[in-house]
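Down below is the structure, laid out as structure tokens.
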There are 2 protein chains.
Amino acid sequence: MEEVRRRDREGTRQRILDAARRLFADLGYDHVTMRLIAAEADANIALINRYFGSKRELFAEVIAMQGRFPGVLEGPGEGLPRRLAEYVADRLRSDRSSPVMAALSRSSASPEIHGIIKDRVNSAIMEPLAARLSGEDARMRASIATALITGAGTLRQLYGPEALDGPAYEAVVARLTRIFEVCLEG
Amino acid sequence: MEEVRRRDREGTRQRILDAARRLFADLGYDHVTMRLIAAEADANIALINRYFGSKRELFAEVIAMQGRFPGVLEGPGEGLPRRLAEYVADRLRSDRSSPVMAALSRSSASPEIHGIIKDRVNSAIMEPLAARLSGEDARMRASIATALITGAGTLRQLYGPEALDGPAYEAVVARLTRIFEVCLEG
DNA sequence: TAAGTTAGTAGACGCTCGTTTACTTCGTCA
DNA sequence: TGACGAAGTAAACGAGCGTCTACTAACTTA
């Protein structure tokens, strides 16, 4: 009954990348082991380092994949607080929406990859957000918004999908929209 | 020149506890090793488990120590947003103010201590904060405030003490105060 | 079909982790 | 003074980690 494995370099590479993205998002950098990635990808552990060099470089490649977040920053400026609010509310109830952001906030305490995370937060959130803001202290306001976004991830991790299960989705979005308005206005 | 160590059970226990509090706040649960705690406390590694049982139980004892945060929630209700804003602004510039909170947000991805952290966030922040709020969705508003507080810790960890070094301290506090007002009002 | 390239595999390497055991030394009190 | 309890110590345990090497077997090409 043993299935004979077909050789497929690109396919195997992709399976490893997919498994790593899922696991890093769920568990964070430290708690994902090479053997766990290999098992989840149904691939041999030695192939991970052959295709990606090291665990650190694999994480860097996962993080470099664009998540959904860039979509939030596009579009008209007036709807930005609302789109940020929807993004945060989505993250709070179902996690799967942005695995890259989840991996970022779950791995921020690992010194080995600190630079990778900092660069990605800078280039994907902080800088594009600050560039959209006018008035003084644009970077400060962008930082507070970033804190709220990442904090939502931590909260979700702590309490699970039912972190905010009481109120209706629309009430959460409305509250967050007003907060982001106050946060971002010049 | 070798100093002869005096036997001092309580003193050694306290040195271990202090070292653990510092290290857990700086590095998070996973990246603090028993040997690191022993070296920082200038104590033998075997004494840690003799006095505290295990690394996990030592962490629980560190977390159970009351930090400065309860002071924020006391006092008149009208000044609450301002006090929360000052607390968050303090955390963003100098870290030492609340080691327990720092340890919490830096260890939130460790499944081994998930229950400890969740219980502490609940009893020290979420529930007392929600109890102070009137109107509907008190818990939702408390959760958003908690997300902002913990997110500030993550930001601080990512960017260091200069996370918000541009603007004046007062400007940061003013902005955060307005955000917490919008966040908490019924 | 034979030779060469390369995807895939098994297993070990050196290291660090939390924890534990066996032991030594200090201090106290009969 | 001598015995005993306890504080402190050194070293090892087994397990898990990321990484690497030697090997097998599938596909390609001449």
Look for any protein N or O under 3.5 Å of an N or O in nucleotides 18-23 of chain C and output each such pair with its distance, or none.
residue : atom : partner : partner atom : Å
C:dG18  : OP1  : B:Val32 : O            : 3.3
C:dG18  : OP1  : B:Lys55 : NZ           : 2.8
C:dG18  : OP2  : B:Met34 : N            : 2.9
C:dG18  : N7   : B:Arg35 : NH1          : 2.9
C:dG18  : O6   : B:Arg35 : NH2          : 2.9
C:dT19  : OP2  : B:Lys55 : N            : 3.0

Charged N-O contact under 4.0 Å between B:Arg22 and B:Glu40: yes
Whole angstrom value for the distance that separates P of D:dA7 from CZ of B:Arg15: 13 Å
List, one per line, each side-chain donor-acceptor pair under 3.5 Å for residues 126-136 of chain A, sequence neighbours excluded.
residue  : atom : partner : partner atom : Å
A:Arg132 : NE   : A:Leu73 : O            : 2.6
A:Arg132 : NH2  : A:Leu73 : O            : 3.1
A:Arg132 : NH2  : A:Gly75 : O            : 2.4

Residue pairs, two or more places apart or on separate chains, that pass ring-ring contact (aromatic ring centres under 6.0 Å, His included) and touch residues 17-37 of chain A: A:Phe24-A:Tyr29, A:Phe24-A:Phe59, A:Tyr29-A:Phe59
Length of the line joining A:His31:NE2 and D:dG16:P, which is rounded to integer Å: 15 Å
Angle between terminal axes - the helix from C:dT1-D:dA30 to C:dA30-D:dT1, 5 pairs each end, rounded to 10°: 20°
Residue list, side chain to side chain donor-acceptor pair (under 3.5 Å) with A:Arg175, at least two apart or on another chain: none
B:Arg82 and B:Glu170 ion-paired at < 4.0 Å: yes
Between P of C:dG8 and CD of A:Glu10, the distance in whole Å: 10 Å
Set of residues satisfying side chain to side chain donor-acceptor pair (under 3.5 Å) with respect to A:Glu10, sequence neighbours excluded: none
Rounded interatomic separation in angstrom, taking CG from A:Leu27 and P from D:dC17: 12 Å
A:Thr12 side chain near C:dG8 phosphate (N/O to OP1/OP2, under 4.0 Å): yes
In residues 147-158 of chain B, what donor-acceptor pairs under 3.5 Å come from side-chain atoms, sequence neighbours left out?
residue  : atom : partner  : partner atom : Å
B:Thr150 : OG1  : B:Thr146 : O            : 3.2
B:Thr150 : OG1  : B:Ala147 : O            : 3.2
B:Thr154 : OG1  : B:Thr150 : O            : 3.4
B:Arg156 : NH1  : B:Arg93  : O            : 3.2
B:Gln157 : OE1  : B:Arg106 : NE           : 2.7
B:Gln157 : NE2  : A:Ser108 : O            : 2.4

Value in whole Å for how far the P atom of C:dT6 lies from CG of A:Asp8: 16 Å
Spacing of B:Asp42 atom CG relative to D:dA7 atom C1', expressed in whole Å: 14 Å
Rounded interatomic separation in angstrom, taking CZ from A:Phe52 and P from C:dG8: 12 Å
Residue pairs involving residues 136-186 of chain B (criterion ring-ring contact (aromatic ring centres under 6.0 Å, His included); sequence neighbours excluded): none
Phosphate OP1/OP2 of D:dC27 contacted by A:Arg7 side-chain N/O (<4.0 Å): no
By side chain to side chain donor-acceptor pair (under 3.5 Å) - contacts of A:Tyr51 (at least two apart): none
d(CG, A:Leu47; P, C:dA10) in whole Å: 11 Å
